[in-house]
There are 2 protein chains.
Amino acid sequence: MVQIEPGQCFITEGETADAFFNITAGSAKLYKLMADGRRQITGFAFRGHFLGLAVSSTYAFSAEAIEPVRLCRFARARLFRLLADFPALERRLLERAATELVAAQEQMLLLGRKTARERVASFLRAQALAAPCGRPRAMVALPMRRGDIADYLGLTIETVSRTLTRLRAEGIIEIPDQTHVLLRDPARLVRAAEG
Amino acid sequence: MVQIEPGQCFITEGETADAFFNITAGSAKLYKLMADGRRQITGFAFRGHFLGLAVSSTYAFSAEAIEPVRLCRFARARLFRLLADFPALERRLLERAATELVAAQEQMLLLGRKTARERVASFLRAQALAAPCGRPRAMVALPMRRGDIADYLGLTIETVSRTLTRLRAEGIIEIPDQTHVLLRDPARLVRAAEG
DNA sequence: CGGGCACATTGACCCAGATCAATGAAACGC
DNA sequence: GCGTTTCATTGATCTGGGTCAATGTGCCCG
């Protein structure tokens, strides 16, 4: 059990993948960097997320805490022993991987084909649905910075900010503070997410 | 064992996911559609590829043959029996899923942050590496249409065409015919893929 | 309480790539 | 052999979102 403070990196792309993690609390961002500093956030991870299931010998992405993170760390060898002892775990990991693949495909559609407005609306919708608790909530927590949202949606900070402002002007959302968005008109948000 | 002709769709997004496929020959494109017809190709599938491992009850994407495809079709229940009988298969699927996740993350970086030139160069590079045979080849087969490449890279047909023309003008590639590209200067191609 | 810092918002302008519009160039049926 | 269809290429123009540049707005710490 390890505690990671906000801004601290606990997986680095390209390093030897000798461990496997399970987040038990907090939130983190997963990202890939290009040589010149361009960054793509490939996902956010919350409680229950498994990380570092690398097939290759090195990690394919980096991970950094957003809010304080607590995580269980397994050495790679120990993971394989666990998999051998508990077949149900392997099934569970396979299901998780399949779920993540579906999410990744949805994100490719977003990045490749959606407008800025559709991306931001889709993101807010997804955050509302994926929230730790069960059913979609009107109040969405955004623990990440605007720059993180931008790097997740393939946009710039300015475009994210302008788009949120426009959605607010249209009465679709409210922005009580920088880390929260209230979905005032979910139906129109869904329409904005499609086109 | 089923035979699918080019242009024929054998998985449809949203339909009940009652089967699981393994491609034994040919090539296919996997894609998601938006209501207004915008399309994102999330990947291409060749011999050996597993398809349709849906966690949810419906397929998350459609699949259509590019070249004639031969595939093994398993009913969902039969897959679960196979998984129970052959634990090695489950491990294999988990590895495949992890590999696909890594590829999906790389594609998110491409779609979110790379320029048109970098996307096309990255694509050619990846096709050279992923070719059915082992080591990277100079002659890359592109069985898909320009429109498929465009929808895979989040570009338009025109931009793909212009970018290929420019890479050829620079002496980085040759285009002997519409379905083949010869990598004349792999080192510069790699540089073009990064920035 | 007030200066400084980190982050977000807003405005003015620009450009990579989209769109619109011909023009090639294979492949096919007749 | 020769229209016809389909796909790719090329050119001209337009625009959504990027870039550059201030301007807010908390929040922390002395």
Side-chain angles (χ1 to χ4, degrees), chain A residues 5-7 29 34 36-41 64 66-67 110-124 141-170 173-181 192 195, chain B residues 5-7 29 34 36-41 64 66-67 110-124 141-170 173-181 192 195:
Chain A
E5 292 310 312
K29 54 193 176 199
M34 290 177 67
D36 60 6
R38 277 176 287 176
R39 184 178 69 156
Q40 179 64 39
I41 291 185
E64 180 184 316
I66 295 174
E67 298 169 298
L110 180 150
L111 292 170
R113 291 298 179 220
K114 290 191 180 179
T115 65
R117 180 188 170 80
E118 289 163 354
R119 293 183 199 202
V120 171
S122 298
F123 172 69
L124 293 176
L142 301 178
M144 66 293 287
R145 310 191 186 314
R146 292 291 185 266
D148 294 334
I149 298 174
D151 283 348
Y152 181 56
L153 300 180
L155 300 171
T156 59
I157 292 176
E158 293 93 325
T159 298
V160 169
S161 183
R162 275 188 256 270
T163 305
L164 285 171
T165 300
R166 193 145 45 95
L167 290 173
R168 181 180 54 188
E170 294 174 22
I173 62 172
E174 265 176 51
I175 309 177
D177 71 273
Q178 285 185 357
T179 61
H180 291 89
V181 167
Chain B
E5 293 310 311
K29 55 194 175 198
M34 289 176 67
D36 60 7
R38 277 176 287 175
R39 184 179 68 157
Q40 179 65 38
I41 290 185
E64 179 184 317
I66 295 173
E67 297 169 298
L110 180 148
L111 292 170
R113 291 298 179 220
K114 290 190 180 181
T115 65
R117 179 187 170 81
E118 289 163 354
R119 292 182 199 201
V120 171
S122 299
F123 172 68
L124 293 176
L142 301 178
M144 65 295 285
R145 311 191 185 312
R146 293 290 186 269
D148 295 335
I149 298 175
D151 284 348
Y152 181 55
L153 300 179
L155 300 171
T156 59
I157 293 177
E158 292 94 325
T159 298
V160 169
S161 182
R162 275 187 255 269
T163 306
L164 286 171
T165 300
R166 191 146 46 96
L167 290 173
R168 181 180 54 189
E170 293 173 26
I173 62 171
E174 265 176 51
I175 309 177
D177 71 90
Q178 285 184 357
T179 62
H180 291 89
V181 166

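Bear in mind the structure is a predicted one, so any value in this text is a computation, not a measurement. Residue numbers begin at 1 in each chain, while the letters A, B, ... track the order of the sequences.
- As rounded to whole Å, 14 Å separates atom C1' of D:dT10 from atom CG of B:Leu164.
- Distance, A:Arg168 CZ to C:dA8 C1': 11 Å, rounded to whole Å.
- In this structure, the separation between CD1 on A:Ile149 and CG on A:Leu164 is 6.5 Å, given to the nearest 0.5 Å.
- Rounded to whole Å, atom C1' of D:dT9 lies 11 Å from atom CD1 of B:Ile157.
- In this structure, B:Met144 places its CE atom 15 Å from C1' of D:dC7, rounding to the nearest Å.
- Contact detail for B:Arg39 and B:Gly147: the closest heavy-atom pair is NH2-O, 3.6 Å.
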Worked verdict on B:Arg145 versus B:Asp151 for side chain to side chain contact (heavy atoms under 4.5 Å, CB included): CA-CA 10 Å; B:Arg145 311 191 185 312; B:Asp151 284 348; over 6 Å; no

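- Annotation: the span from A:Lys29 atom NZ to A:Asp148 atom CG amounts to 3.5 Å, rounded to 0.5 Å.
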Scan nucleotides 13-25 of chain D nucleotide by nucleotide, 5' to 3', and note B when protein non-hydrogen atoms come under 4.0 Å of the base, S if they reach only the sugar-phosphate, - if neither. ----SSBB-----

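- Between B:Ile175 atom CD1 and C:dG24 atom P the separation is 19 Å, expressed in whole Å.
- Distance, B:Asp148 CG to D:dT6 P: 16 Å, rounded to whole Å.
- In this model, the phosphate group of C:dT10 is not approached by any side-chain N or O of A:Ser161 to a distance below 4.0 Å at OP1 or OP2.
- Between B:Gly154 and A:Arg113, the shortest heavy-atom contact is C-NH1, 3.5 Å.
- In this structure, CZ on A:Arg166 lies 5.5 Å from CZ on A:Arg117, to the nearest 0.5 angstrom.
- The CZ atom of B:Arg146 sits 14 Å away from the C1' atom of D:dT10 (whole-angstrom rounding).
- When the side-chain nitrogen and oxygen atoms of A:Arg145 are compared with OP1 and OP2 of C:dA6, none of them lie within a distance under 4.0 Å.
- Put simply, CG on B:Leu153 is 13 Å from C1' on C:dG17, counting in whole angstrom units.
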